[in-house]
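To start, the structure under review is shown below, and the notes come after it.
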Amino acid sequence: MTGYAAALPPGRGRAVVLGASMGGLLAARVLSESFAEVVVIERDDLSAPGDRPGVPQGRHVHALLARGRQILEELFPGLTAQLLADGAVECRSLTEMRMTVAGHTLRQSDSGYSLLQASRPFLEWRVRERVRALPGVRLIDNTAAEHLLTDATRDRVTGVRVTGRDIPADLVVSSTGRHGPVGDWLADLGYERPAEEGVRIDMKYASRYLRLPAGSAPADKEIVIANQDPARGLALFAVEDGQHILTLIGYGKDHPPTDPDGFWRFASSVAPADLRPALVDAEPLTGIATYRYPANQRRRYERLDRFPAGLLVFGDAVCSFSPAFGQGMTVSALQALRLRAVLAGGGHDLPRRWFRAVAAAIDDAWALTALFDLAMPHVDAAGRPALRALGPVAGLAMAAGERDAAIGRQISRIAGLLDPPTALLRPDLLARTALTLGSIGLRSLHRPGMSPAALALGGLGLRGLSRPGARHGAPGPAARFDPLPPGPARGFHRLTVRSVVYDTPGSAIVEFEVPARLRSRFEFAAGQHVVIRGTHRGEPIRRSYSLCDEAGSGRVRIALRHHERGAFSSHVFERRITGTALYVSEPAGTFTPDLDPTARHRYAAVAAGSGITPIVSIVATVLAAEPYSTVTLHYGSRDHTHIMLAARIRELMDHYPGRLRVIHHLSRQRAGLRPGPHGPAHRYRRIDPVEIARTDADRWFLCGPKALVAATVTALRARGVDRSRIRTELFETRAPRPPRTSGTSSRVTLTGYGEPLEFAMPREHTILDAALTRREDLPYSCLGGSCGTCLATLESGEVEMDTDPLSALTAADRTAGRILPCLARPVTPDVTLRFGG
């Protein structure tokens, strides 16, 4: 490797660096200029790239700020080009990134610099390989440092004891992180621990890698947006290999959930409206990783009166920052430059000179993170009233940055650690800030004694935060039905509404446009249904609707009736939804006929209200697929104006003369319809199950209200019709009931549908109800046992199910060990189910 100018001629002997984090690697790089040999000790395995235990925060978004990028390029010439060639993402500040703060997004303009974005393992591996290639540098992994070695007086550190051996050293640099053992080692040697300061913030990250579908990815390569109260945050970074990292941030008691459903709900509550569709369509590539950060912490080594020679403390072991700023790697890079300068000054009084130099390198970044943390409503600001007072006006500077590009660029440069915070105090910027703030009502928020300088500096305290309801923040008041669900779900796809046709005064037919890539997924069997996902008052909502066309028709249409309090049906009838997108499941359901082109069956179908939708599909498919079979349809409606799909029924009668007989039962119409020679018959009363049970048929399909279906099944069984010849479906559904923990519980494992799900649940509740509190994307529709969507095989353990003569579970299913989780309750301590029958 070339291009490294030595600060001093090599010859100081050996330096040992404890920890191969980014801080330790950068320290080793600088030490290699002044020492003949540099040994880096790391307890983790460094043989391959990837996550490692020593960097628990490595699975979350990381920012190499603008100043950090400059320093890494200085220390490792050509590194930027290598990273970009290997897949890192270059993000131009304020033209390809969105920084939303206190309800305002900094105005887009070129800030004159770019950031590098990559996952932490990707970046660390490339830097580690550069360090490994340096002359005189050795990396020893899978080795733990046990304690320091000293001379007889304990005034000088002479090396370090590692697993099984001693390593003498002229200088030891401890870069073992904020939880490293150096403080205990010093105390054991009789040295005072440094004073500590910081703020407890109780921050928690939850992250996962995503792949956003082509065409749905946002134009911004970096998005940081959040709420201050409630204290929630979100960061979405484009990284290598076409991936994105989504990190959710919560403070105090509002930590982001770690279950998939809760994760997406939290993300949906924070994400701006234009980002939510991309997140819903995202493909999760990893599980959810978490990292909890209780408090920022600074150790004041520079204030100690006594410290051993031959030892320096570096990186997070000196100061660890709130992760919200993404300052950690860049501050380590700044420390590396200070280490180079201190070493160039010789070895005299090295620790004292080092700790003073590193304190100065940290001061600006520490002031920003302290201001940020104290602006959070849950953080105790006791003893820091001046900083707390800046919090309420932080949004003012950001409001100016939203309107004035020059102010926005300066804030961006300060956030990137290119300029100090005092850069905002330049007379020209103060004048622009005052002018801009004056136009947006500065006087209403001004506090006595608060200077323009304080206002300007206060604006830096909430980087990445926005108020609820901000332009790019959480969506406004929820409509009755929001077509964007909280997150991805297996088997759901975003389909455009091709048309809406109003069929009767209270019903409509909605047709979807299915792209070529999804056509095979939306092939359906007669009688199947789809599910529409969305949200209702911030909570996930599903609505199931049967497909109303013949199987193989190539059309995907649903018919629905308008209910006054219906969330989705009101959305269809009260809004213009043609051309908009809905999230629609792949077809499912077991209410389907077994077709045989040679059969001569006599079918009878019974429907009422919107129960006609799957029945029409079944009737059309049977007539097309079994040319020797006949069908009799009994359909109950209020009156002739409310007969759903009447035109389609008449088309089928015309197309299959003599093979389809239709009787309309009109409960609120007494007369007035003149029967045609080949048209449907009419009965001016409700469907009488005993009467229609006399229909000459050997196959029955029933769909409608539970009372009608149950009475018809009873009448048919009384006439000797075997239950296996009667298929039923109810269009009534119920909402899931969250289980309450009480009494005996069981451990349940669900497989066969996405990632396995394991959980404990009380035995008095159904398995699916308990599972849905943990994952909303499981296969289900009615939750009442009539649709069969959640059909599963019992692989181990025992369950009990209430006997329901109208359930979709057949005798063959029971023999094969299949159950319906929406009706099943666990009996044994452990139960394992596999979805899919």
Side-chain angles (χ1 to χ4, degrees), residues 1-8 10 12 14-52 54-55 58 62-90 114-143 171 173 175-177 239-241 312 314-316 326 328-341 343-344:
M1 198 68 62
T2 60
Y4 302 138
L8 284 177
R12 287 190 177 180
R14 176 187 293 148
V16 172
V17 179
L18 305 180
S21 64
M22 285 294 292
L25 294 173
L26 295 175
R29 163 66 186 88
V30 170
L31 290 167
S32 72
E33 300 174 353
S34 301
F35 286 82
E37 182 184 7
V38 178
V39 179
V40 182
I41 306 296
E42 172 56 50
R43 65 182 180 181
D44 288 343
D45 185 351
L46 301 180
S47 61
D51 294 320
R52 58 188 184 89
V55 189
H62 274 71
L64 182 60
L65 302 181
R67 184 63 179 128
R69 174 183 175 173
Q70 291 177 351
I71 296 172
L72 260 66
E73 183 64 25
E74 177 183 345
L75 295 176
F76 304 101
L79 178 63
T80 298
Q82 177 192 353
L83 292 171
L84 292 174
D86 290 346
V89 174
E90 188 168 36
S114 297
L115 298 86
L116 274 179
Q117 292 178 189
S119 67
R120 174 66 178 262
F122 174 97
L123 180 59
E124 189 176 284
W125 172 259
R126 269 78 180 167
V127 172
R128 189 160 66 237
E129 290 305 289
R130 284 291 192 105
V131 171
R132 197 190 299 271
L134 292 170
V137 175
R138 283 192 297 145
L139 271 67
I140 303 175
D141 60 359
N142 296 303
T143 301
L171 180 66
V173 177
S175 184
T176 54
V239 294
E240 68 275 7
D241 300 327
L312 304 179
F314 192 97
D316 283 359
M329 292 190 293
T330 298
V331 171
S332 289
L334 288 169
Q335 291 184 43
L337 293 188
R338 295 298 177 106
L339 179 60
R340 171 189 271 173
L343 291 173

Pairing residues for [X] by the side-chain hydrogen bond (donor to acceptor under 3.5 Å, both in side chains) criterion, not counting sequence neighbours:
X	result
Ser114	Arg92
Arg120	His62, Glu124
Ser119	Glu240
Thr176	Ser174

Salt bridge (charged side-chain N to carboxylate O under 4.0 Å, His left out) pairs, two or more places apart, involving residues 17-27: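 Not a single pair qualifies under salt bridge (charged side-chain N to carboxylate O under 4.0 Å, His left out).
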Residue list, salt bridge (charged side-chain N to carboxylate O under 4.0 Å, His left out) with [X], at least two apart or on another chain:
X	value
Arg43	none
Arg338	none
Asp141	none

Would you say Leu31 and Val137 make side-chain contact, with heavy atoms under 4.5 Å? no
Using the side chain to side chain contact (heavy atoms under 4.5 Å, CB included) criterion, which residues pair with [X]? Sequence neighbours excluded.
X	value
Asn142	Asp45
Ala333	Leu26, Ile71, Leu72
Thr330	Leu64, Leu65, Arg67, Leu417
Arg132	Leu46, Arg128, Glu129, Leu139

